[in-house]
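Following: one structure in structure tokens, then a few remarks.
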Protein chains: 2
Amino acid sequence: MATHQTTIIDIAHALGISKSTVSRALTGHPNVNEKTRQRILDMATQVDYQRNQLAISLLTNRTGTVGIMVPEFISFFFPKVIIGVQEEMARSGYNVVICHSNESYETEVANAKALLASRVDGLIVSHTKETRNFDHFKVFQRKGIPVVFFNRVCEDMNVSNVTVDDYNGAFRAVEHLIQTGRRRIAHLAGPDTLMNSRNRLSGYRDALTQYGLPVDPELVIAYDLNLDKANIYVNHLLNLPNPPDALFAMNDPTALEALNVAKHRGISVPDDLAIVGFSDDPISSLIEPGLTSVSQPVGELGQQAAQLLIRQLEAKEDEFQPERIVLPTSLIVRGSTVRSDATILPQLPHPRPLP
Amino acid sequence: MATHQTTIIDIAHALGISKSTVSRALTGHPNVNEKTRQRILDMATQVDYQRNQLAISLLTNRTGTVGIMVPEFISFFFPKVIIGVQEEMARSGYNVVICHSNESYETEVANAKALLASRVDGLIVSHTKETRNFDHFKVFQRKGIPVVFFNRVCEDMNVSNVTVDDYNGAFRAVEHLIQTGRRRIAHLAGPDTLMNSRNRLSGYRDALTQYGLPVDPELVIAYDLNLDKANIYVNHLLNLPNPPDALFAMNDPTALEALNVAKHRGISVPDDLAIVGFSDDPISSLIEPGLTSVSQPVGELGQQAAQLLIRQLEAKEDEFQPERIVLPTSLIVRGSTVRSDATILPQLPHPRPLP
DNA sequence: CTGTTAGCGCATTCAG
DNA sequence: CTGAATGCGCTAACAG
């Protein structure tokens with residue numbers, strides 16, 4: 001189906017001039033006669049001339065394109081990050097190609113190769129839950145192509161990244177549950193391949209400890225975030241001889257599943273079971289009862305990641321230092337943890353991971 | 001920041017052979033000595049060689065990449081379509097670059113130019129609600145680059161497209177409302193720039209007419225799908241001297257807004273106001289009451305669009321005929337229109353637009 | 001089996 | 001101000 005695309009040579013021939021002049025006119029070079037320039041521009045429009053970015057990129061060794069790779073984009077989180085990235089990159093004249101690893105390590109590796117082959121100038125990435133080996137990203141580093149991680153970051157690569165304060169968010173969530181009277185607080189965690197999953201787990205543990213509550217291993221389940229299985233774990237927790245009176249879930253979709261299970265079992269939320277999620281999905285404010293959730297600045301996550309990348313793209317090879325940005329979270333309290341007449345006690349100041 | 005990437009010439013030099021042989025070994029050409037091939041492959045791995053797709057595309061005049069452009073991707077609809085497209089294109093060895101026009105005509109035009117410049121082999125697109133002029137897509141046609149529309153299609157371009165049966169979906173939705181006893185059914189429609197918006201409006205009108213109900217212009221509002229304003233229109237309808245007893249909304253987000261307004265005003269759904277949406281967003285089954293909605297096969301929409309594009313990409317220039325695929329919709333009945341004890345009457349057979 | 005050559009479309013020297 | 005020449009990295013004839 002491939003057809004001939006008009007080139008500067010076509011325009012040059014049509015006008016009886018050299019392709020150099022056409023090139024100059026098209027790129028806005030000053031040294032072109034005004035009349036000639038106008039004739040060239042007119043002709044270009046007339047024949048639907050469209051510059052061949054492939055040729056230019058090959059020549060200049062820059063594509064003006066960066067990649068962003070995310071593990072999924074059905075929930076609102078990653079799409080919103082992507083929009084933030086695009087806004088910011090567009091402002092600096094970069095295009096963004098979006099890749100979707102679908103939580104598959106294999107796909108992630110394949111995508112990384114494709115991005116490398118298409119010579120992106122940089123990469124923004126949140127890795128899959130299967131990813132333990134980061135060689136496919138280290139290649140970028142070795143080749144001098146900037147990489148920025150966000151949300152799910154790789155610790156043992158010396159690159160920029162932007163995350164939210166997962167530890168603090170989790171701590172505040174659990175603290176809130178304690179302050180509203182819960183004593184057996186379960187945690188449905190993510191896989192320990194994920195940095196943010198580990199940090200949220202630490203926040204959960206430390207909050208319990210600092211408030212003098214035991215950490216019962218029975219109440220902590222790490223799962224693979226496969227939503228289809230969430231209800232199994234929730235049911236398991238509720239079937240325990242000594243069931244939890246609260247659940248802190250790794251993310252909102254998981255918390256929503258829990259809410260559903262509770263509803264089906266006739267368990268009253270928040271009276272018999274309080275539930276807290278993470279990310280403040282728009283759904284959380286629409287359902288009944290509303291889901292209490294740890295909110296994170298999603299769009300800003302993308303913007304900051306983009307800014308880090310741009311800074312690195314525009315830095316001299318040797319004068320660049322990786323930066324790590326941590327954005328704040330905040331707890332949005334809704335009906336899944338408190339009835340409107342409840343009172344909330346003061347918080348501990350500045351929780352930090354125990355040494 | 002740009003650094004030198006290893007090329008086949010580097011490998012050739014390192015091994016003291018010609019770049020042609022390297023090229024042959026790397027592309028799997030049979031005429032290469034097995035030992036030489038192995039040495040080349042080893043060296044390639046060792047130096048992180050990654051083919052330069054730019055050079056190959058420039059040479060072959062094929063990028064193996066197609067673009068998909070969508071107007072938004074916060075709601076579940078477009079992401080899910082994109083996933084369907086990617087699956088299908090990957091199966092045929094194509095990459096997909098995702099573009100986001102953000103419902104902005106200007107951005108759409110800019111994206112189209114960028115895709116043209118980067119020489120995509122084909123394009124799958126759902127246009128913005130602002131788009132009235134399709135010149136930026138017609139350029140693709142003129143250059144022999146296949147274009148497939150989906151969801152929001154352009155009627156006056158002779159290209160393939162895939163849609164759902166919006167007319168029928170709307171008809172069945174309104175029929176359902178009539179059969180459950182509603183007589184003043186309002187329609188919060190989309191802008192008339194959108195094909196699907198117009199078709200849903202027709203289905204709404206014809207259902208009323210065929211069931212002998214008047215079409216009251218007062219009850220039909222076309223709006224720009226800007227969710228922030230949805231509540232204004234819903235309130236306007238509910239404030240009418242003779243307010244509606246049912247609302248058929250253009251899409252689920254709009255219907256959810258309506259549900260919210262009703263809740264705030266203390267209007268009972270479904271008793272005083274029945275509400276139906278379109279697309280069956282996952283949220284619709286989570287909220288209380290559940291939202292009755294016209295479901296469409298979203299993933300399949302993407303797959304079919306991809307298949308149409310692939311068929312065209314692989315067809316001979318002249319033997320290709322545009323195809324138009326219409327996928328079925330089905331009504332998912334939930335609590336926003338019926339209490340569980342309600343009975344539903346039989347439907348009219350095969351509704352079709354009135355001539 | 002392997003090396004040489006040409007050229008994809010373009011920006012950019014270097015000469016006029 | 002303009003044209004001719006060069007080369008980005010690669011594949012595909014074309015000769016050995």
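No hydrogens, no waters, no symmetry mates; every other heavy atom, side chains included, goes into these values. A note on names: the letters A, B, ... follow the listed sequences, proteins ahead of strands, and every chain is numbered from 1. This one's a predicted model, so the numbers in the text were calculated from it and none came from an experiment.
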Please indicate whether B/His13 has more than 12 foreign heavy atoms, meaning atoms of other residues, nucleotides or ligands, lying under 6.0 Å from its NE2.
no

Angle between ring planes, A/Tyr105 versus A/His136, binned at 30° and 60°: parallel, tilted or perpendicular?
perpendicular

Electrostatic pair A/Arg142-A/Asp135, nearest N-O below 4.0 angstrom:
no

Rounded to 10°, the angle between the first-five-pair and last-five-pair axes of the helix from C/dC1-D/dG16 to C/dG16-D/dC1 is 50°

Taking NZ, NE, NH1 and NH2 as the nitrogens, is one of them in A/Lys143 or B/Asp48 under 4.0 Å from a carboxylate oxygen of the other?
no

Please work out if A/Ser57 contacts a base, only the sugar-phosphate, or nothing of the nucleic acid, heavy-atom cut-off 4.0 Å.
nothing

What are the bounds, 5' to 3', of the part of DNA chain D that sits under 4.0 Å from heavy atoms of chain A?
D/dC1 to D/dG9

Centre-to-centre under 6.0 Å for B/Phe137 and B/Phe149, is that the case here?
yes

Report, as yes or no, whether the 6.0 Å neighbourhood of atom NZ on A/Lys80 holds more than 12 heavy atoms from other residues, nucleotides or ligands.
no

Given atom CG of A/Asn31 and atom P of C/dG16, what is their separation to the nearest angstrom?
18 Å

Between B/Lys19 and B/Asp10, is there a side-chain N and carboxylate O pair less than 4.0 Å apart?
no

Centroid-to-centroid, A/Phe134 to A/His127, below 6.0 Å?
yes

Note: A/Glu72-A/Arg152 ion pair, threshold 4.0 Å (strictly below):
no

So, B/Thr193 side chain and B/Lys129 main chain: donor-acceptor pair closer than 3.5 Å or not?
yes

Where along nucleotides 5-12 of chain C does protein come under 4.0 Å, by heavy atom, of base (B) or sugar-phosphate alone (S), with - for untouched nucleotides?
BBBBBBBB

